[in-house]
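See structure below.
The figures here come from the full heavy-atom set of this structure, side chains too, leaving out hydrogens, waters and symmetry mates. Order of the sequence lines sets the chain letters (A, B, ...), proteins ahead of strands, with each chain counted from 1.
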There are 4 protein chains.
Amino acid sequence: MKNNRPKYYQIIDAAVKVFAENGFHGSQVSKIAKAAGVADGTIYLYFKNKEDILITMFKEKMGQFIDRTVHQINQKKNANEKLLTLIEMHFTQLSEDRNLAIVTQLELRQSNYELRYEINSVLKPYLTVIDNILMEGINDKLFRDNLKIPLVRQMIFGTLDEIVTNWVMKDCKYDLTAEVEQVHQLLIGGICRIDKIV
Amino acid sequence: MKNNRPKYYQIIDAAVKVFAENGFHGSQVSKIAKAAGVADGTIYLYFKNKEDILITMFKEKMGQFIDRTVHQINQKKNANEKLLTLIEMHFTQLSEDRNLAIVTQLELRQSNYELRYEINSVLKPYLTVIDNILMEGINDKLFRDNLKIPLVRQMIFGTLDEIVTNWVMKDCKYDLTAEVEQVHQLLIGGICRIDKIV
Amino acid sequence: MKNNRPKYYQIIDAAVKVFAENGFHGSQVSKIAKAAGVADGTIYLYFKNKEDILITMFKEKMGQFIDRTVHQINQKKNANEKLLTLIEMHFTQLSEDRNLAIVTQLELRQSNYELRYEINSVLKPYLTVIDNILMEGINDKLFRDNLKIPLVRQMIFGTLDEIVTNWVMKDCKYDLTAEVEQVHQLLIGGICRIDKIV
Amino acid sequence: MKNNRPKYYQIIDAAVKVFAENGFHGSQVSKIAKAAGVADGTIYLYFKNKEDILITMFKEKMGQFIDRTVHQINQKKNANEKLLTLIEMHFTQLSEDRNLAIVTQLELRQSNYELRYEINSVLKPYLTVIDNILMEGINDKLFRDNLKIPLVRQMIFGTLDEIVTNWVMKDCKYDLTAEVEQVHQLLIGGICRIDKIV
DNA sequence: TATGAATGAGGTTTCATTCAT
DNA sequence: TATGAATGAAACCTCATTCAT
């Protein structure tokens, strides 16, 4: 049904651009409307309010983000490769849509408590994808069996998130995807020399 | 000099509390003034504007945060122990001042570009502390010699930050410091079984 | 002709209900349309604008109101009985259609100058009915011959109107028609003891 | 205290004028502010919102209205004269402040349910004044002893209100106070010839 | 230094009305 | 006739900041 609603996507796409360029607070609804080529009031036929544009946009984009990630991961045969793919997909997708990256890394954080909880629930399926990789790795004896999954997931997500945020803060000037291998190595093997690990 | 300005600290302390309880946007200057027991206008004798309260507060608190961390780290004899101490200090200090934790993890992010750059510059010395530990570890052959320090620093900081944010979002309900050891193990040794590391 | 336009009456009847339940300002055109089972745009095939619904509805209802009143009055043989009948009809008809009562006593007043003048012109025939009763009463030497008719009409209408408004404001909880006799006595004989009238 | 708040009265006086000239809905807060010679925001230092201006204004004016009326009434020695004085004061005071008359007779009615209940509570003391006159008249055997006071009060108030509204609707073109005597006669003695009263 | 009354810019949202189908 | 998606004007109120005292 939503596919038959071109204005819905016009508005979302305009919003990503406008939010990225002006920040959430600097993006007046009228500015988004103008960018989308619709009247101000039309926005409210598709979205409850300004915040709803942000969160709905995030849901749509995150849905695609996860779908594509899962699709690629499913073609890999072990947890190690899956983690590598996850990192690669994470960096690649955000590299390819820098406006989206700006919005997810910066604008989306500028929100109140309620919105933040909504964001977390949208993010949840992605975190589950990470959890599943970890469980698979443990089952297959690839990963340590004493891993506390939530903690590891927080390390993985926190690491990726911080790296992307730094990249965005540096105006996306360097090639984010160049880091994929090293990040994977770090997460897999830690920073210690093998012979020193107790 | 600042010690002779008790209202300066009154306002900062009131601001931490008010920001933590109401969020940045929900914290009207008049609310902070009332909590600090001064007139609205007095705020502007000590701070340039509302954002300046936030950033100055962060500078003050982060200064102490770093000083204490460095002091503890300096008493450790190798990079490995220093990293453990850093994690411990990070979690302990935020555990002990939950209002500050709320402000640093949530409210501080709700800011515009310029503020964010200022925040980064305040954060810089802390990131340097991490870098120094890493360099020491590499020099002492404790850590791998092919580590890309900025990346590792981002992993470490991103991990700690994400863990603390999760804890704050869960209303600080559990004991954050209980995780110190495991986080250290993860960062040091990664998630892979040693015998599987290529 | 209008009888061939069922939607016209559908809309009017829906409007009475919606106005009564939500007030004029709380009754969006789309709400009336939905209640009438027609599309928003259809409203504008039958009515000039939202106010026109209100005034047209009032015209229709007031027309019936007056017709029924006149019909009953014509069966009475003197001004005194006619006045009693007018009071009775006034209270009875509004008692029997409480939504209409709410609209006439409350919502209809929430209007701008122009609408108010239109309302007055709709009301005029009713006021003429009162005037006619008064003139008949004076001619037949039933009523004083020094009555200033407009003033008396204002007393009569003002009294009835105020009583009905009070009843509506008290949620139509008591039996309005029970007051008919006493109101008639008051208007006819005033409040003074007969022996005290100079 | 309020006497030390000149802006409070500046705003109220400006509001009466602006409401009378433009109607409640046509009176933007900025228009009232400009008329009062203050900034828009200043309005909100003294009033909760736009409706609060209307109701507060009505409270202030009605308070004076009642005080003056009661003061005059207290100098009269019987219920009959007191009623005459009440009518006289009612017409005189509204004649002398036509803007106030417009606001009370027209604009104040354009309000939602909640406001209407507030208005009624402001009006209550005035209705009590009428009730007291009626009770005194009954006790002194001047008025009939079978009067149902609420009903009579509604007749009296409804009559006065309707007469004033008609006068306002006719642009206050004629002398309202000229009607005082006749209105009093009507309310006291009714419309019937004495010899016809059963 | 300290006050706090006053300022006034700025934006989200509603909803009556239109018009292409 | 009938539809209902689209329009876009319009205004209340907040709150960071100032400045006369």
Side-chain angles (χ1 to χ4, degrees), chain A residues 4-8 10-11 25-34 36-53, chain B residues 4-8 11 24-34 36-53, chain C residues 4-8 11 24-34 36-53, chain D residues 4-8 10-11 25-34 36-53:
Chain A
N4 297 326
R5 299 196 296 164
K7 302 221 162 151
Y8 175 84
Q10 273 174 49
I11 294 167
H25 293 296
S27 298
Q28 294 83 345
V29 172
S30 61
K31 209 180 265 180
I32 298 170
K34 178 173 277 185
V38 300
D40 293 17
T42 305
I43 301 269
Y44 292 87
L45 295 177
Y46 296 92
F47 303 91
K48 218 166 58 246
N49 51 38
K50 190 179 160 186
E51 278 195 346
D52 190 40
I53 306 175
Chain B
N4 297 327
R5 299 196 299 163
K7 298 210 170 165
Y8 174 85
I11 294 167
F24 181 68
H25 292 296
S27 298
Q28 293 80 348
V29 172
S30 62
K31 208 182 266 180
I32 297 171
K34 176 175 277 185
V38 301
D40 293 17
T42 305
I43 300 268
Y44 291 86
L45 298 175
Y46 294 93
F47 302 91
K48 215 165 65 243
N49 52 37
K50 189 180 162 185
E51 282 192 343
D52 190 40
I53 306 174
Chain C
N4 297 327
R5 299 196 297 164
K7 296 211 170 163
Y8 175 83
I11 294 167
F24 182 69
H25 292 297
S27 297
Q28 294 80 349
V29 172
S30 62
K31 208 181 266 178
I32 297 170
K34 176 175 277 184
V38 301
D40 293 16
T42 305
I43 301 267
Y44 291 87
L45 297 175
Y46 295 92
F47 301 91
K48 215 166 64 243
N49 53 37
K50 189 180 163 186
E51 280 192 344
D52 190 39
I53 307 175
Chain D
N4 298 326
R5 297 197 296 164
K7 302 220 162 149
Y8 175 82
Q10 273 174 50
I11 294 167
H25 293 297
S27 298
Q28 294 82 345
V29 172
S30 61
K31 208 180 267 180
I32 298 171
K34 178 174 278 185
V38 300
D40 292 18
T42 305
I43 301 268
Y44 293 88
L45 296 177
Y46 296 92
F47 302 91
K48 219 166 57 243
N49 52 37
K50 191 180 158 185
E51 279 194 345
D52 191 41
I53 306 175

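Remark: P of F/dA10 and NZ of D/K50 are 14 Å apart, rounded to the nearest angstrom. Separating the CD1 atom of D/I43 from the P atom of F/dA11 is a distance of 15 Å, rounded to the nearest angstrom. Between the C1' atom of F/dG4 and the CD1 atom of C/I32 lies a distance of 16 Å, rounded to the nearest Å. Atom CZ of C/F24 and atom P of E/dC15 are 13 Å apart (whole Å). Protein atom CD of D/Q10 is 12 Å distant from nucleotide atom C1' of E/dA6, rounded to whole Å. When rounded to the nearest whole Å, the span between CZ of B/F47 and P of E/dA2 equals 12 Å. To the nearest angstrom, C1' of E/dC15 lies 12 Å from NZ of C/K31. In this structure, NE2 of C/H25 is placed 13 Å from C1' of E/dA16, rounded to the nearest angstrom.
The line from NZ of B/K31 to CG of B/D40 is 12.5 Å long, rounded to the nearest 0.5 Å.
At least one donor-acceptor pair under 3.5 Å links the side chain of B/K50 to the backbone N or O of B/S27.
Residue whose closest nucleotide on DNA chain E sits further toward the 5' end, between B/L45 and D/L45: B/L45. Comparing A/K48 and C/E51 along DNA chain E, the residue whose closest nucleotide (by nearest heavy atom) sits nearer the 5' end is A/K48. For the pair D/T42 and A/T42, both in contact range of DNA chain F, the more 5′-proximal nearest nucleotide belongs to A/T42. Nearest-nucleotide assignment on DNA chain F puts the 5′-proximal partner with A/G37, out of B/S27 and A/G37.
Applying the ring-ring contact (aromatic ring centres under 6.0 Å, His included) test to C/F47 and every residue at least two apart in sequence or in another chain returns C/Y8. For B/E51, the side chain to side chain contact (heavy atoms under 4.5 Å, CB included) partners at least two apart in sequence or on another chain are B/F24, B/N49, B/N112, B/L115. With sequence neighbours left out, the side chain to side chain contact (heavy atoms under 4.5 Å, CB included) criterion links C/K7 to C/Q10, C/V38, C/T42, C/Y46. Partners of A/K48 under the side chain to side chain contact (heavy atoms under 4.5 Å, CB included) rule, at least two apart in sequence or in another chain, are A/D52.
Note on A/V29: a base of the nucleic acid sits closer than 4.0 angstrom, heavy atoms only. Nucleic acid contact for A/Y46: sugar-phosphate only, since backbone atoms but no base atoms lie under 4.0 Å from a heavy atom of the residue.
Taken together, the paired segments of DNA chain E that extend over three or more consecutive Watson-Crick or G-U pairs, each closer than 3.5 Å at both contacts, are E:2-21 with F:2-21.
Nearest approach of C/I53 to C/I43, heavy atoms of both residues: CD1-CG2, 3.7 Å.
In this structure, the nucleotide among F/dC12, E/dT7, F/dT17 sitting nearest to the side chain of D/A39 is E/dT7. Residue A/Q28 places its side chain closer to E/dT12 than to any other of F/dT17, E/dT12, E/dT13.
Taking only side-chain nitrogens and oxygens, C/K7 never comes nearer than 4.0 Å to OP1 or OP2 of F/dT1.
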Could you list, one pair per line, each protein nitrogen or oxygen that sits under 3.5 Å from a nitrogen or oxygen of nucleotides 19-21 of chain F, together with the distance?
none

